[in-house]
**Student:** 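Encoded as structure tokens, here's the structure I'll be asking about.
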There are 2 protein chains.
Amino acid sequence: MKKTPTVYDVAADAGVSIATVSRVFRRPDDVRASTRETVLASVRALGYVPSASARGLAARRTGVLGLFFPDFDVVDEGDAPSDDLSGSASRVEVVRDIPDTGGAQRADLYFDEVLRGSELQAWHDGFTLMIGVGRGSNPVEVVTDIAGRVDGLALLAGSVPDSLLEHVSRRIPIVLIAGARRDDDFDHVMVANADGMHALTRHVVDDLGVRDPVFVAGPSATADDVERHEGFRRALAESGIDAEALPVLHGDFTRAGGRRVAADLLETLAGAAPPRAIMCSNDQTALGLMEVLIAAGVRIPLDTIVTGFDGIAESRMSSPRLTTVQQPMIALGRAAVATMRSRLEDPEQPPMARRLPVKLLLRESSEGSA
Amino acid sequence: MKKTPTVYDVAADAGVSIATVSRVFRRPDDVRASTRETVLASVRALGYVPSASARGLAARRTGVLGLFFPDFDVVDEGDAPSDDLSGSASRVEVVRDIPDTGGAQRADLYFDEVLRGSELQAWHDGFTLMIGVGRGSNPVEVVTDIAGRVDGLALLAGSVPDSLLEHVSRRIPIVLIAGARRDDDFDHVMVANADGMHALTRHVVDDLGVRDPVFVAGPSATADDVERHEGFRRALAESGIDAEALPVLHGDFTRAGGRRVAADLLETLAGAAPPRAIMCSNDQTALGLMEVLIAAGVRIPLDTIVTGFDGIAESRMSSPRLTTVQQPMIALGRAAVATMRSRLEDPEQPPMARRLPVKLLLRESSEGSA
DNA sequence: CTGAAAGCGCTAACAT
DNA sequence: ATGTTAGCGCTTTCAG
């Protein structure tokens, strides 16, 4: 591994100019087949691999697209990064019946799915994907760093301050993922939060005949929550129901939060009949809430109908299985990348905002077993 | 978005030289505080973001580490990439009680975990991670491409031909992940496959008193399988048992394969008592096998003990819960990155091979309920 | 179809 | 502490 070979080495070895070497990679058809073979032979012989840095600099494009999400995951116990490379010799630790750790409550299954979609589309469009994960408080460094490495960057809406967006968008196009519609110049892909909750509410009101559903909101500042709540209100208004008169409970998008909401509710009820329907702003909340309700003897959906939002995997495995609105996470990733490609191709077109359709999944928690 | 600002623009705006601008980012302490502020002000004013391409070219280091895995995932139904950006307007599709799709049998939870570990360590070491996913048959293009973009590359052992490894290793250091020990010059991180299966077998033989366990192998050519089988044989040999005299069944590391093995076994048995213990080369096989056995009325572990290998999440949720050997996937990712960093720091040190310890998880499928 | 030459934006000596 | 000055390896006109 003496010196990394460059175009010059290959050119010299093949007896051509560096321009020709470059062409062999970028525009093979512009090179005579025979010389192409000669060059490729030298490439193989020398072990030449084009430098993306040099290429990116000269071509003003890197062929890489960035994806930024905050907080990849909580560090597992004992899995903190280490400087230690020594490591003990081969060994086996025996653990008797390790207790269920609660199932790696990864809040970012969402991220995994979006990543999957992005990667799929990036591959399809001939781009490489670079993922940036925001650790801790300040995303500025990470975002700036990857902004310097890519041709376009997609970020979870709300994950970084506007000033940063403004800053990096001077260099590359930005695409916002999820969150609510904004009145700015950024391209944006999101899901039909309001429409989804609206349809779900219509189902509860029209099909199930409930005229006083209780809404369990998420963290107040969340765009997703705001939109969902709005869809809820709109549906009720259409049916002449005064949403303002209905009680609203407050969760925090976590399962624990859902449990707490349920416990509080039970206490408030003090034995009285539970609400006919409880519509949660996300699945985790609904799942936690159901746990507690069921433990307290509430029959779902007989006594109380429960619904969620997101369509996470667990919603399909709970009992009763949860009626919910499924977000198209993979499609979201695909759309983000497709949007960037489109923006890169035509930088002048007006900002694009794409709203992805959702699926209303009617299951046992609202309808009795199938 | 007229023209992307460069060091020159910032330098001019701040009234300093480009070297000073560069220093503000790379060695802030070498710049007087006051001038640093002046420069940063210009940076903010102009929206300057350093070009990683230029930096990489000049510094001969990109600060990016690569991770290559074959086949990210099977494309979901209807989730194929698309050129279509139009998309219908906001909509909601209603689906009544969608059937369980079998649970997104992602063979690459493994990859997700390793990725997680890699990302964790990369962040810790100040690197950015670039992931490459091998689609279809030929990994040459993808691997070469990312090899040109990074300072070091970690790949799943066996996922690319040696010739390719040889080629790209001319440019950057390579780290192999998993698989078996090889006698080459590549750094390598792997898990204690043999030791794990050895310990598990000792448990079955010594603690459980089974002297004729049946081994269910995986795909023959797999290094992992070979090592595990070897650990199995070694343990038996130590107890004076002739492993060669014992029947060996053949699965393929999939759950379906496990079902098939069980069905075949049941047929062969034709009513006779099942083996006292069945040790599978991986969890999926064990899980599929248990399904069929249980359906046929075999009591586990009463009639037959079943064990797996890998420690996937499902192994903890099956009933009975599966006794298995847990691979340290996150640690594997961390070790891969740590190894690269170490190699980058000292290119001359001899090839490193690290074997990570595994955990023997004793659960119900071998011991009765806890 | 191929070669010559001018950068791309930045880092890293080396001066000052 | 700051400025000057070579490149880093490749793409891309422009000629021929």
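Chain identifiers are assigned alphabetically (A, B, ...) following the order of the sequence lines, protein sequences preceding nucleic acid strands; residue numbering begins at 1 within each chain.
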**Student:** Check this for me: does the side-chain of B:Y8 come within 3.5 Å of the base of C:dC10 through a donor and an acceptor?
**Tutor:**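 Such a pair is found, so the answer is yes.
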**Student:** Are A:R26 and D:dT11 close enough that a side-chain N or O sits under 4.0 Å from OP1 or OP2?
**Tutor:**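 Checking A:R26 against D:dT11: at least one side-chain N or O falls below 4.0 Å of OP1 or OP2.
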**Student:** Which part of the nucleic acid, if any, lies within reach of A:R23 when heavy atoms closer than 4.0 Å are counted: base, sugar-phosphate only, or nothing?
**Tutor:** base
**Student:** Checking all strands, does B:V21 fall into the base, sugar-phosphate, or nothing category for heavy-atom contacts under 4.0 angstrom?
**Tutor:** nothing
**Student:** Out of C:dG3, C:dG9, D:dG3, which nucleotide sits closest to the side chain of A:S17?
**Tutor:**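 Among C:dG3, C:dG9, D:dG3, the one nearest the side chain of A:S17 is C:dG3.
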**Student:** Using whole Å, what does the distance between atom C1' of nucleotide D:dC8 and atom CD1 of A:I18 come to?
**Tutor:** 13 Å
**Student:** Considering only NZ, NE, NH1 and NH2 on the basic side and carboxylate oxygens on the acidic side, decide whether B:R23 and B:D30 come within less than 4.0 Å.
**Tutor:** no
**Student:** Using heavy atoms to find the nearest nucleotide of DNA chain C for A:S34 and B:A52 separately, return the residue whose nucleotide is more 5′.
**Tutor:**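 Nearest nucleotide further toward 5': that of A:S34.
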**Student:** Step through the shown structure and confirm whether more than 12 heavy atoms of other residues, nucleotides or ligands are within 6.0 Å of CZ on A:R181.
**Tutor:**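 Not more than 12 within 6.0 Å, no.
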**Student:** Base, sugar-phosphate, or nothing: which does A:Y48 touch, judged by heavy atoms less than 4.0 Å apart?
**Tutor:**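 Sugar-phosphate, backbone atoms only, no base.
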**Student:** For the backbone of A:L65 and the side chain of A:D151, can you confirm whether one donor and one acceptor N or O come within less than 3.5 Å of each other?
**Tutor:** no
**Student:** For D:dT11, take OP1 and OP2 only and decide whether either is under 4.0 Å from a side-chain N or O of A:R55.
**Tutor:**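 So the side chain of A:R55 is within the cut-off, an N or O lying under 4.0 Å from OP1 or OP2 of D:dT11.
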**Student:** Which is true for B:T35 with a 4.0 Å heavy-atom rule: it touches a base, it touches only sugar-phosphate, or it touches nothing?
**Tutor:** sugar-phosphate
**Student:** Do other residues, nucleotides or ligands put more than 12 heavy atoms under 6.0 Å from A:R61 CZ?
**Tutor:**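 For A:R61, atom CZ is not crowded (no more than 12 foreign heavy atoms under 6.0 Å).
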**Student:** Could you please name the option among D:dT11, C:dC10, C:dT2 that lies closest to any side-chain atom of B:S51?
**Tutor:** C:dC10
**Student:** Describe the nucleic acid contact of B:T20 in one word from base, sugar-phosphate, nothing, applying a heavy-atom distance below 4.0 Å.
**Tutor:** sugar-phosphate
**Student:** Is B:A19 touching bases, backbone alone, or none of the nucleic acid, heavy atoms closer than 4.0 Å?
**Tutor:** base
**Student:** Please determine whether a side-chain nitrogen or oxygen atom of B:S22 lies at a distance below 4.0 Å from atom OP1 or OP2 of C:dT11.
**Tutor:**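 Result: yes.
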**Student:** On DNA chain D, does the nearest nucleotide to B:D29 precede the nearest nucleotide to B:L57 from the 5' side, or the other way round? Give the residue.
**Tutor:** B:D29
